[in-house]
Engineer: 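Encoded as structure tokens, here's the structure I'll be asking about.
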Amino acid sequence: MAHWLMKSEPESYSWADLERDGATEWDGVRNNAARLHLRAMQPGDEAFFYHSMSDKAVVGVMRVTRAAEPDPKAPDWVRVRVEPIRKLARPVTLAEIKAEPALAKMELIRQSRLSVAPVRDAEWVKVLKMADHPRK
DNA sequence: GCCAACGTTGGC
DNA sequence: GCCAACGTTGGC
């Protein structure tokens, strides 16, 4: 099972929106690298929900429930279906991630504009651990 | 509000 | 095919 990180501006679509909806089609991605990542997703994969811009923090964990399919509104692009699993005990901020040497190679850091990025297993576990401990 | 990073477009 | 110009994203 692979792990991912998916960004959304909370003013556009937030974790609270996802919890309210119960599931959503993750569409609107218009970057080729991100599209490749969407295509690589499999049902059962898990992804961090990251609030970009105003918040800059990982806020929740979601599950991919359907593999990539063409977006009916933009057939050259794809969408996946996701549902919320749980909100993190606390947000893990970008600043904390940047300050953590074990996370220095996260795609989130290396290519900040990429809106759909893979997360390595060790990074996934580390971020979850950070969420379960008080911020330093 | 500014700017760096990155992608895309179009002139040559 | 190169590269300057431009647009967008997203951090600061």
Side-chain angles (χ1 to χ4, degrees):
Chain A
M1 183 187 71
H3 294 114
W4 309 93
L5 180 145
M6 300 164 83
K7 294 182 181 180
S8 179
E9 294 185 41
E11 291 76 15
S12 171
Y13 193 83
S14 70
W15 174 260
D17 293 328
L18 179 62
E19 285 197 330
R20 179 200 62 211
D21 295 345
T24 197
E25 302 292 340
W26 202 278
D27 58 12
V29 171
R30 296 292 184 270
N31 169 280
N32 194 55
R35 176 169 57 186
L36 290 172
H37 294 317
L38 288 174
R39 286 191 191 283
M41 290 183 185
Q42 296 295 326
D45 284 0
E46 292 179 354
F48 287 134
F49 192 121
Y50 177 85
H51 279 169
S52 63
M53 304 295 283
S54 60
D55 203 17
K56 283 166 288 189
V58 178
V59 294
V61 178
M62 52 192 175
R63 178 181 289 108
V64 177
T65 59
R66 193 176 58 223
E69 62 179 7
D71 182 344
K73 291 175 289 187
D76 286 346
W77 299 95
V78 298
R79 66 182 191 182
V80 297
R81 190 171 179 85
V82 296
E83 64 183 29
I85 296 177
R86 67 182 180 281
K87 188 177 183 175
L88 295 186
R90 68 171 183 86
V92 176
T93 67
L94 179 64
E96 289 178 82
I97 290 171
K98 283 191 161 181
E100 173 52 59
L103 300 178
K105 290 186 177 174
M106 278 189 81
E107 295 309 311
L108 175 70
I109 307 298
R110 289 157 64 107
Q111 197 182 341
S112 67
R113 286 184 52 200
L114 189 59
S115 63
V116 180
V119 176
R120 296 171 188 86
D121 290 350
E123 295 163 349
W124 180 266
V125 170
K126 180 68 183 174
V127 171
L128 290 177
K129 276 185 183 168
M130 290 165 75
D132 286 331
H133 290 83
R135 196 190 307 197
K136 290 175 196 169

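Treat the numbers as computed from the prediction; the structure is a model and nothing was measured. Throughout, protein chains are lettered first and strands after them, A, B, ... in sequence-line order, and every chain is numbered starting at 1.
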Engineer: Decide yes or no on salt bridge (charged side-chain N to carboxylate O under 4.0 Å, His left out) for A:Arg110 and A:Glu107, but give the supporting numbers first.
Structural biologist: CA-CA 5 Å; A:Arg110 289 157 64 107; A:Glu107 295 309 311; 3.6 Å; yes
Engineer: For A:Tyr50 and C:dT9, is the shortest distance between a side-chain N/O and OP1 or OP2 below 4.0 Å?
Structural biologist: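 The answer is no; no side-chain N or O of A:Tyr50 sits under 4.0 Å from OP1 or OP2.
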Engineer: Which nucleotide, B:dG7, C:dG10, C:dG11, lies nearest any side-chain atom of A:Gln111?
Structural biologist: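 Out of B:dG7, C:dG10, C:dG11, the nucleotide with an atom closest to A:Gln111's side chain is B:dG7.
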Engineer: Between A:Lys87 and A:Glu19, does the salt bridge (charged side-chain N to carboxylate O under 4.0 Å, His left out) criterion hold? Intermediate values first, please.
Structural biologist: CA-CA 9 Å; A:Lys87 188 177 183 175; A:Glu19 285 197 330; 5.9 Å; no
Engineer: By nearest atom, which of the nucleotides C:dT8, B:dG7, C:dG11 is closest to the A:Arg113 side chain?
Structural biologist: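 Among the listed nucleotides, the one closest to the side chain of A:Arg113 is C:dT8.
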Engineer: Separation of A:Lys7 atom NZ from B:dC6 atom P, in whole Å?
Structural biologist: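 Going from NZ in A:Lys7 over to P in B:dC6 covers 11 Å.
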Engineer: Between atom CZ in A:Arg110 and atom C1' in C:dG11, what is the gap in whole Å?
Structural biologist: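 After rounding, the gap between these two atoms is 18 Å.
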Engineer: How many Å lie between CG on A:Asp76 and P on B:dT8, as a whole number?
Structural biologist: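 Interatomic distance, CG of A:Asp76 to P of B:dT8: 13 Å.
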Engineer: May I have the distance from A:Met6 (atom CE) to C:dG10 (atom P), rounded to whole angstrom?
Structural biologist: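 Rounding to the nearest Å, CE of A:Met6 and P of C:dG10 are 13 Å apart.
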Engineer: Would you indicate whether the side-chain heavy atoms of A:Pro72 and A:Arg79 approach each other to under 4.5 Å?
Structural biologist: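 Yes, at least one pair of side-chain atoms sits under 4.5 Å.
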Engineer: Rounded to the nearest angstrom, tell me the gap between atom CD1 in A:Ile109 and atom P in C:dT9.
Structural biologist: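 Between P of C:dT9 and CD1 of A:Ile109: 20 Å.
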Engineer: Apply salt bridge (charged side-chain N to carboxylate O under 4.0 Å, His left out) to the pair A:Lys129 and A:Asp132, showing each step before the final yes or no.
Structural biologist: CA-CA 5 Å; A:Lys129 276 185 183 168; A:Asp132 286 331; over 6 Å; no
Engineer: Return the value, rounded to whole Å, for the distance between atom CE of A:Met53 and atom C1' of C:dT8.
Structural biologist: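 So the CE-C1' distance, A:Met53 to C:dT8, works out to 10 Å.
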Engineer: Output the rounded distance in Å from CE (A:Met106) to P (C:dG11).
Structural biologist: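 After rounding, the gap between these two atoms is 12 Å.
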Engineer: Does A:Lys56 place a side-chain N or O at less than 4.0 Å from the phosphate oxygens OP1/OP2 of C:dT9?
Structural biologist: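 Result: no.
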Engineer: Can you measure A:Glu107 atom CD to C:dG10 atom P for me and round it to whole angstrom units?
Structural biologist: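 Atom-to-atom, A:Glu107 to C:dG10, this comes out as 15 Å.
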